[in-house]
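Beneath this line is the structure, given in structure tokens, with notes to follow.
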Amino acid sequence: MNRIKTQIVLLFTLSFLLVGCGPSGCSNTTLETGGAYSQEGKKPDKSFYAVDAAFDIAYSAVDTVFTFEKNNRQMLWELSPEIKHTLDKIRPQAKEVVVAYSTARKAYTENPTPAGLTTLETVLSRMQQLATATQAALPKAQTTDTNLPVKK
Amino acid sequence: MPPIVFILLNAFTAAIQAAPQIAGLVTKTKEYFGALVAGGILTKEQADKLDARVDEIQEAALEGKLPPSWDVEPDPV
């Protein structure tokens, strides 16, 4: 049980980091030319990099919670069936959002336009909301054992 | 990078042994903040790594091959 609690504490702490730096939040960095986000003869597309980076983290956060719940399902079910039920409501939405992001990303890489970037940012925002919702579905981390059931 | 960020990230890293399932997320978060919070240069290598990761997600999503933990399964009995 302590291990589960440690993981929950870490997931919650990471969720604070996730929302701390969005696409427009960290603008002091420079993207080196010549990488995947640079087209020949053009400035590196730092906005696209930032959106992709934020999406990658939001996706990982959602995936981590889904995997965590699946791997510890029985124990979390005993804690509260609501955890699985809440995540089960999010799962189809998350799939839909990841497909939407992937479709928008494919379109943007083929034809990078400001409108395409806006679409990516809009979908990213939905993904970040889902990341927050998945974190919230987990039981609140406790510093003592008193609020968690003792496994007999 | 601000000291508090170092402290937090090092604490997460230290805790990984107790929580191997979230190691991937911590690593990505650390990479991301290591580059962005520092206000420095995002290298070509970092950009390529990110692009490869998101490409992988994109391919899986468009082929309907997201991880099994994303599927709704029956409740435990």
Run the side-chain contact (heavy atoms from CB on, under 4.5 Å) test on D51(B) and F48(A) for me, step by step, so that the C-alpha distance in whole Å, both residues' side-chain angles and the decisive distance to 0.1 Å come before the verdict. CA-CA 10 Å; D51(B) 183 57; F48(A) 181 34; 5.5 Å; no

L76(A) and F68(A), any side-chain heavy atoms less than 4.5 Å apart: yes

What heavy-atom pair brings D71(B) and R91(A) nearest, and what distance separates the two atoms? O-CD, 3.5 Å

Whether the Y37(A) and D52(A) side chains hold a donor-acceptor pair (N or O, under 3.5 Å, no angle test) is what I'd like checked. yes

Between W70(B) and D63(A), do the side chains contain a donor N or O and an acceptor N or O under 3.5 Å apart? yes

When heavy-atom pairs shorter than 4.5 Å are enumerated against chain A, which of D55(B), D48(B), D75(B), L66(B) gives the highest number? D75(B)

Which bit of [X] is near chain B, if near means a heavy-atom gap under 4.5 Å: side chain, backbone, both or neither?
X       : answer
Y101(A) : side chain
K106(A) : both
K95(A)  : both

Highest number of heavy-atom pairs under 4.5 Å with chain B among P92(A), P44(A), A36(A), S38(A) belongs to A36(A)

Check each atom of E59(B) against the heavy atoms of chain A and say whether the ones under 4.5 Å are side chain, backbone, both or neither. neither

So, the part of L50(B) with a heavy atom under 4.5 Å from chain A: the answer is both

Intermediate values then yes/no, salt bridge (charged side-chain N to carboxylate O under 4.0 Å, His left out), K70(A) and E73(B): CA-CA 9 Å; K70(A) 185 179 167 68; E73(B) 293 178 339; 2.8 Å; yes

